[in-house]
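Data block below; observations after.
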Amino acid sequence: MKHGSPNRPAMKRWTTLVALLALTSLPAQAVGRLADVTIVDRDTGATLPVHYARGEYWVAGRPGARYAITVRNRLGERVLAVPSVDGVNVLSGETAAWDKRGYVFSPYERYQITGWRKSDSQVAAFEFSHIANSYASRTGRPAHVGVIGVALFREQPPLPAPAIISEPYSQRRNSSNGRSYGSGESMERLREEPAPTLPSPQAAPAAPATAAPAQASEAESSARSMSSDSVAKAAPMPSPKLGTAHGQRETSIVSHTTFTRMQDRPNEVISIRYDSRENLIASGVIREPIARPHVPRAFPQSDNLSYVPDPR
């Protein structure tokens, strides 16, 4: 009996290691650095797992299911999120661009974007649907169906107030006639001296440090998208490609505020592509576990440490 006991702790450590490795291989759920962006199936309440393949993030949608884009601000300051679905701005219905309208998030605020904005009190729900029924296709813009985007902007900090420095008494008073010149001249200098301003992104000789990676990542993302699309075109998909439909109207109340962007280019751009699970499996984005054939074992209960029971 003592011979088997030294191996048991090693077996437990090996089992724990396997469990930890299995956890690290699970798909992620949130994407983003300045904010956590997730896609939620509103009919089931489940957050869709995010799969990383060919340099892009993917989620599998269910045809007919309503979904939401959940954004959680990770910063202790306000951020502006400009969302797009299928290449369309979800607030204005215009073709998506960075300079379009978006949602302002307070520090650490979390909010669900549930549909196409129809007014300050209503949205048309996001619904996974056949590409032909997507809002982008029905408005003549099917080229970018199948991608959800969020452009994040940090806020321009307020300009510091100019400091007023008092001058010595000898300069404030003229001893010849008693008139006070110093205060007037000092005020004149304050008016002539321009208030300190932060450098403008347009006038800067070089783009901010965060802009170059964003531009590079965009080019890489475009190349990756072309590569992914070419793979998808090479092999027929088992089901029609998914898009986002213009669903039923729902209540969603918002208010208006002002927001000055720190720079023209986003501080971060998040892109999540989507399609049906069948199509993602067929294209290799989702890799299902390989079913191993049954192999007869000489001692089927060898992993079960037990003793001989009494006969009945």
Between the CD1 atom in Ile131 and the CZ atom in Arg138, the distance rounded to the nearest 0.5 Å is 13.5 Å

In this structure, CH2 of Trp58 is separated from CD1 of Ile272 (nearest 0.5 Å) by 12.0 Å

I'd like to check the side chain to side chain contact (heavy atoms under 4.5 Å, CB included) partners of [X]; sequence neighbours left out, ordered by chain and number.
X	result
Val88	Trp116, Tyr135, Ala136, Arg141
Tyr108	none
Asp99	Ala97

When you measure from the side chain of [X] to the backbone of [Y], do you find a donor-acceptor pair of N or O atoms at a distance under 3.5 Å?
X	Y	answer
Arg117	Ser119	yes
Gln263	Arg265	yes
Asp86	Gly146	yes
Asn89	Lys100	no
Asn73	Ser106	yes

Would Arg277 and Ser239 count as having a side-chain donor-acceptor pair, cut-off 3.5 Å? no

Shortest non-hydrogen separation from [X] to [Y] and the atoms involved:
X	Y	answer
Val90	Phe126	CG1-CZ, 3.7 Å
Glu268	Leu34	OE1-N, 2.8 Å
Ile270	Val37	CD1-CG2, 3.4 Å
Glu155	Glu77	N-OE2, 4.3 Å
Ala96	Ser84	CB-CB, 3.5 Å
Ser137	Val145	OG-CG2, 3.9 Å

With side chains defined as the heavy atoms from C-beta onward, is the minimum distance between [X] and [Y] less than 4.5 Å?
X	Y	value
Lys118	His246	yes
Ile39	Tyr274	no
Ser252	Gln122	no
His256	Asp120	yes
Arg54	Ser283	yes
Pro63	Leu242	yes
Asp43	Arg62	yes
Ile69	Val85	yes

Q. Within a reach of under 6.0 Å around NE2 of His144, are more than 12 heavy atoms found that belong to other residues, nucleotides or ligands?
A. no

TODO: Please indicate whether Gln248 has more than 12 foreign heavy atoms, meaning atoms of other residues, nucleotides or ligands, lying under 6.0 Å from its CD.
DONE: no

**Study point:** Stepwise side-chain contact (heavy atoms from CB on, under 4.5 Å) test for Phe105 and Leu75
**Key:** CA-CA 10 Å; Phe105 287 76; Leu75 302 182; over 6 Å; no

Are [X] and [Y] linked, directly or through other ILVMFWY residues, by side chains that come within less than 4.5 angstrom of each other?
X	Y	answer
Tyr57	Val40	no
Val123	Ile113	no
Tyr67	Val50	yes
Ile286	Val147	no

For Glu250 and Arg42: C-alpha separation, side-chain torsions, deciding distance, then whether side-chain contact (heavy atoms from CB on, under 4.5 Å) applies. CA-CA 13 Å; Glu250 302 175 346; Arg42 296 177 59 201; 3.0 Å; yes

| message | Please evaluate residues Lys241 and Asp275 with respect to the criterion salt bridge (Lys or Arg N to Asp or Glu O under 4.0 Å), reporting the C-alpha separation (whole Å), side-chain torsions for both, the decisive distance (0.1 Å), and the verdict. | response | CA-CA 6 Å; Lys241 184 177 180 181; Asp275 206 341; over 6 Å; no

